[in-house]
Amino acid sequence: EDIEYLDRISELGNMAGGKKRKTMKDKYRVKELTRTESGQLRYRYISFSERIGRVSVDVYRLDPTKQTRDAPHEPYQSWIEERLEHWRLTDSTAYFSAFRREVHPLTRSLPQVLHSQRKIIDMILTHLAIPNTTAHEPLLDLLTALCRDLRFQIYPHFPRILRGQLAILDEQDPDLLEHLFRSIGFIFKYLQKQLLRDLDRVIVLYGSLLVHEKEYVRLFAAESYAYLLRRCSDETLEAQVGRLCNVGALRQLYGEIRGGRDADWE
């Protein structure tokens, strides 16, 4: 209700003020404050290619302490509860506030998170899919924290989680691309023991990004997937490289994904 009210007020305000509807180009234009050679401070627009060049998604080199605050202080406190508190102080938008009111009663202890994991996942994926939401970053961060909490217990839900993440991919939004692929990369890290046993199935879910039409999307996907490949045995790595080199097979796998034949691990 809060989100619908917010969208309606924004729409009425634009109509009353005679504001021009933003185009796709306007939506992703970003200004930054820079200092000129003469020492003056001026705003300049950052090009799309420059923003893409600044994106960093390789979790192998990222400091994991940036992904969380201090470790939970209580024996049964969860990482997701820690991150919820962090985002409560950081994100006061109606989108995130509405989500937090729903999920907070389910995250007050680690046993409660384990018991309610399906409901929590449903809530996160539902709010991720809301059009024009401003809460993508905190929601993706919370998915990462949930996987860190539950590890192998959450693995049966991994295909649904990954599909929910990939459904919001916007190749024209560098900020979202960074948040999305960092989240996927950290989930690969926290579930690596299970994923390394199921790489053939992972590639069925993830293969479409490795053959994406946009080169930078392929690069981000490869950097995320490389975290798993670095931990493969030599034999498994050779087999995976062989599969990855067979672009035609990956495109066929993408067709299977779109046909809905990867509904579960089977």
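Computation of the quantities below employed the complete heavy-atom set of this structure, encompassing side-chain atoms and omitting hydrogens, waters and symmetry-equivalent molecules. What you see is a predicted model, and the numbers here were worked out from it, not measured in a lab. Residue numbers start at 1 and run along the sequence shown.
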Any idea which heavy atoms bring [X] and [Y] closest together, and the distance?
{"X": "Ser183", "Y": "Leu140", "result": "OG-O, 3.1 Å"}
{"X": "Arg148", "Y": "Arg151", "result": "O-NE, 3.0 Å"}
{"X": "Leu176", "Y": "Ile168", "result": "CD2-O, 3.2 Å"}

| query | Arg182 side chain to Ser56 main-chain N or O, any donor-acceptor pair under 3.5 Å? | reply | yes
Using side-chain heavy atoms (C-beta onward) and a distance below 4.5 Å, is [X] in contact with [Y]?
{"X": "Ser224", "Y": "Tyr206", "value": "yes"}
{"X": "Tyr225", "Y": "Ile184", "value": "no"}
{"X": "Asp200", "Y": "Gln240", "value": "yes"}
{"X": "Tyr190", "Y": "Ile154", "value": "no"}
{"X": "Leu84", "Y": "Glu81", "value": "yes"}
{"X": "Leu199", "Y": "Leu196", "value": "yes"}
{"X": "Thr144", "Y": "His179", "value": "no"}

Atom pair [atom1]/[atom2] of [X] and [Y] - distance to nearest 0.5 Å:
{"X": "Tyr95", "Y": "Ile130", "atom1": "OH", "atom2": "CD1", "value": "7.5 Å"}
{"X": "Gln192", "Y": "Phe186", "atom1": "CD", "atom2": "CZ", "value": "12.0 Å"}
{"X": "Phe96", "Y": "Thr90", "atom1": "CZ", "atom2": "OG1", "value": "8.5 Å"}

| Is it true that atom NE2 of His115 has more than 12 heavy atoms of other residues, nucleotides or ligands lying nearer than 6.0 Å? | no
| field | Non-neighbouring partners of Lys214 that pass side-chain contact (heavy atoms from CB on, under 4.5 Å), sequence neighbours left out | value | Glu171, Gln172, His212, Tyr216, Val217
| said: Assess the residue pair Asp198 and Tyr155 against the criterion (side-chain contact (heavy atoms from CB on, under 4.5 Å)); give the C-alpha distance rounded to whole Å, side-chain angles, the decisive distance to 0.1 Å, and a yes or no. | reply: CA-CA 11 Å; Asp198 272 325; Tyr155 188 62; 3.0 Å; yes
| task | Measure the acute angle between the ring planes of Phe181 and Phe220, then classify it against the limits of 30° and 60° as parallel, tilted or perpendicular. | result | tilted
| task | Could you walk me through whether Gln112 and Thr107 pass the side-chain contact (heavy atoms from CB on, under 4.5 Å) test, one step at a time? | result | CA-CA 6 Å; Gln112 189 176 23; Thr107 62; over 6 Å; no
| said: Check for me whether Arg230 meets the cation-pi criterion with Tyr227, that is, NZ or CZ under 6.0 Å from the six-membered ring centre and within 45 degrees of the ring axis. | reply: no
